[in-house]
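One structure below.
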Amino acid sequence: VAAAAAYLSALAFAYGDSTTVKNAEASLGEIWPGAPPFSMPLLKFRWPNNTLEGHWHLGHAIGSTFEQGINSRLSQSDSLQNKTLPSLKTAGGKELYEAFLSLHETTFPEYVQELKGIADGAKLPFDWVFLAQLDQEFRGQLDSTHEVKDADADHCTDYMMCSETACVGGHNEDNAANDVDRGYVLDAQLGDAGQRIVAWSYMGELPTGAFGVNARGIGFTLNWVGPPPPSKPGLGRGFISRSLLDATSLADAIERITIPGQGGGHNINVFDFCHRSIHNVEVAESEYAVRPIGSESFYHANQYRTLNVPNETIIASSKHRTERLEALARPGNLREILNILGDQEDHAYPIFKDEVSHARGDKSDWTMATVSYDLDSKVATIYSGNPSLGKIHTRWSISEMITEAGGCQSSPPRSVMFML
């Protein structure tokens with residue numbers, strides 16, 4: 001245990017204040033504290049096997065490294081402090097909590113261990129971390145005296161295309177002001193090189209509620225949608241996206257995304273770097289749709305585009321961004337996608353949200369980071385500031401990850417059943 005702890009300590013990069021990363025590798029790139037992706041520290045973790053113990057240690061590394069950021073983020077969360085945690089003082093809230101915990105311990109025991117490790121490392125009660133991970137799903141099950149929808153939240157914008165000349169996608173990761181400077185990059189490996197994952201994540205949550213890739217050539221971005229709450233507790237979106245980091249193929253990724261018994265809905269864009277394909281997957285309580293992306297570029301901005309979901313919550317920002325996206329010419333390459341993701345013409349609800357947009361009257365939240373995936377060059381690129389400027393902050397080589405894991409499968413994965 002002592003040797004493993006020393007090994008872990010040597011591989012974990014310490015998190016300093018909001019503008020400093022101590023002992024950072026050159027691969028971090030230049031720090032731009034006043035613009036996305038802000039400080040974005042790196043945590044590198046290696047464990048010799050994929051066990052429950054290894055998952056707990058991964059969580060503990062996250063919790064102890066980012067203790068200050070996690071405590072600040074969760075203590076300042078209005079939803080956690082004023083809605084979900086107070087409900088545990090009631091019989092109904094306790095019963096609901098136990099139902100969610102039992103469900104996730106049964107389905108995803110390894111990821112519950114990660115959350116326990118995060119709580120222990122950050123010196124926080126486990127229920128804080130668990131409820132923060134299930135915020136939307138838990139609130140959706142509370143009685144009518146509690147807020148059950150994310151109507152005031154603002155989320156992400158995605159644009160993608162896969163033609164003969166370009167197979168690319170771009171993603172703006174948007175969230176609340178409380179999340180600014182509370183993101184980091186996790187480079188983790190539990191077991192052999194095929195188990196390596198790299199993800200941009202929020203402090204105090206499972207990796208990842210944003211975007212990530214793995215050594216099997218599967219990458220993804222998340223795009224919030226607002227279906228009505230299901231009739232009973234279900235699996236959390238954050239657990240499903242954590243599971244997606246462990247996907248071994250496109251078919252496996254689709255199965256993980258569409259697992260039955262979910263506690264809400266989501267949209268996930270899946271990038272198969274090994275077989276050059278992009279798929280948009282929408283999930284609601286009892287149905288899903290998988291849309292292959294071709295030469296006609298496709299966007300997603302926090303509302304269902306393939307499924308017809310009655311009583312869907314569509315936030316104001318989504319309506320504005322959709323109107324703006326429809327007004328703009330369809331992109332034909334990555335450069336044009338980045339220009340669109342950096343658009344700020346709608347001053348009330350722009351596509352890209354930063355200090356410039358807020359000075360102009362932006363009513364929405366903040367862009368945490370912008371990432372692009374290029375399936376031909378097999379790289380993921382995170383940009384400094386507005387992506388239309390093209391300033392590269394960090395690049396992840398998915399090609400190197402795949403090579404170190406033994407390369408891509410020699411033949412495409414088994415066929416995926418598409419429901420449109």
Side-chain angles (χ1 to χ4, degrees), residues 27-28 36-37 40-46 50 55 58-59 61-62 66 108 110-111 114-115 118 133 155-156 158 160 168-175 179 182-191 193-224 236-250 252-254 256-257 266-274 278-281 300 368-375 378-383 393-402 404-405:
S27 60
L28 271 175
M40 199 179 76
L42 170 69
L43 172 63
K44 191 175 183 180
F45 175 90
R46 299 291 183 269
N50 190 352
H55 284 278
L58 170 59
I62 295 169
F66 304 119
F108 296 121
E110 64 274 44
Y111 308 142
E114 288 182 13
L115 289 179
I118 290 173
Q133 186 65 62
H155 295 274
C156 310
D158 286 271
M160 64 212 81
V168 295
H171 169 85
N172 280 352
E173 177 63 25
D174 300 333
N175 221 318
D179 296 309
R182 297 293 176 254
Y184 70 99
V185 171
L186 174 68
D187 180 342
Q189 182 177 318
L190 281 73
Q195 309 303 314
R196 185 182 174 194
I197 62 175
V198 179
W200 191 101
S201 304
Y202 289 100
M203 295 178 185
E205 295 184 9
L206 291 171
T208 168
F211 55 89
V213 297
N214 69 22
R216 299 302 183 186
I218 298 298
F220 63 91
T221 64
L222 305 180
N223 195 279
W224 180 90
R237 297 161 302 134
F239 284 85
I240 292 164
S241 57
R242 172 63 185 91
S243 171
L244 188 52
L245 281 172
D246 292 332
T248 58
S249 67
L250 172 62
D252 185 37
I254 301 298
R256 290 169 184 266
I257 295 170
H266 52 237
N267 170 79
I268 300 181
N269 307 294
V270 184
F271 299 80
D272 186 347
F273 286 87
C274 278
I278 304 174
H279 292 80
N280 175 267
V281 187
H300 218 277
M368 306 289 118
T370 299
V371 66
S372 70
Y373 291 153
D374 188 326
L375 277 67
K378 291 185 173 62
V379 296
T381 303
I382 298 176
Y383 298 89
H393 182 291
T394 306
R395 268 196 169 142
W396 304 339
S397 174
I398 291 88
S399 178
E400 289 182 7
M401 293 175 64
I402 293 170
E404 291 171 359

> Looking only at atom types and distance, does a side-chain atom of Asn172 sit under 3.5 Å from a main-chain N or O of Asp174, one as donor and one as acceptor?
Replying inline: no
> Which distance, rounded to the nearest 0.5 Å, do you find between the NE2 of His266 and the CH2 of Trp224?
Replying inline: 13.5 Å
>> With side-chain hydrogen bond (donor to acceptor under 3.5 Å, both in side chains) as the criterion, how do Asn214 and Asp246 come out once you've worked through the C-alpha distance, each side chain's angles and the decisive distance to 0.1 Å?
In response: CA-CA 7 Å; Asn214 69 22; Asp246 292 332; over 6 Å; no
> Quick check: does any side chain N or O of Asn223 sit under 3.5 Å from a backbone N or O of Cys156, one acting as donor and the other as acceptor?
Replying inline: yes
> Below 4.5 Å, heavy atoms only, C-beta onward: do Met401 and Phe273 meet side chain to side chain?
Replying inline: no
>> Once you measure the plane-to-plane angle for Phe108 and Phe239, does it fall in the parallel (<30°), tilted (30-60°) or perpendicular (>60°) bin?
In response: parallel
>> Does the plane of the ring in Tyr111 sit parallel, tilted or perpendicular to the ring in His55? Use 30° and 60° as the thresholds.
In response: perpendicular
>> Within this structure, what is the CE-OH distance for the pair Met160 and Tyr373, rounded to the nearest 0.5 Å?
In response: 11.0 Å
>> Out of the candidates Ile398, Leu245, Asp272, Thr248, only one should pair with Ile218 under the side chain to side chain contact (heavy atoms under 4.5 Å, CB included) rule; please name it.
In response: Asp272
> How many angstroms lie between atom CD of Gln189 and atom NZ of Lys44, to the nearest 0.5 angstrom?
Replying inline: 9.0 Å
>> Let me confirm one number: the CG-CG distance from Leu58 to Leu186, rounded to the nearest 0.5 Å.
In response: 5.5 Å
> Got a second to check how far Leu43's CG is from Ser201's OG, nearest 0.5 Å?
Replying inline: 9.5 Å
>> Pair Tyr202, Asn175 - check side-chain hydrogen bond (donor to acceptor under 3.5 Å, both in side chains), show working.
In response: CA-CA 10 Å; Tyr202 289 100; Asn175 221 318; 3.2 Å; yes
> Any side-chain heavy atom of Gln133 within less than 4.5 Å of one from Leu206?
Replying inline: yes
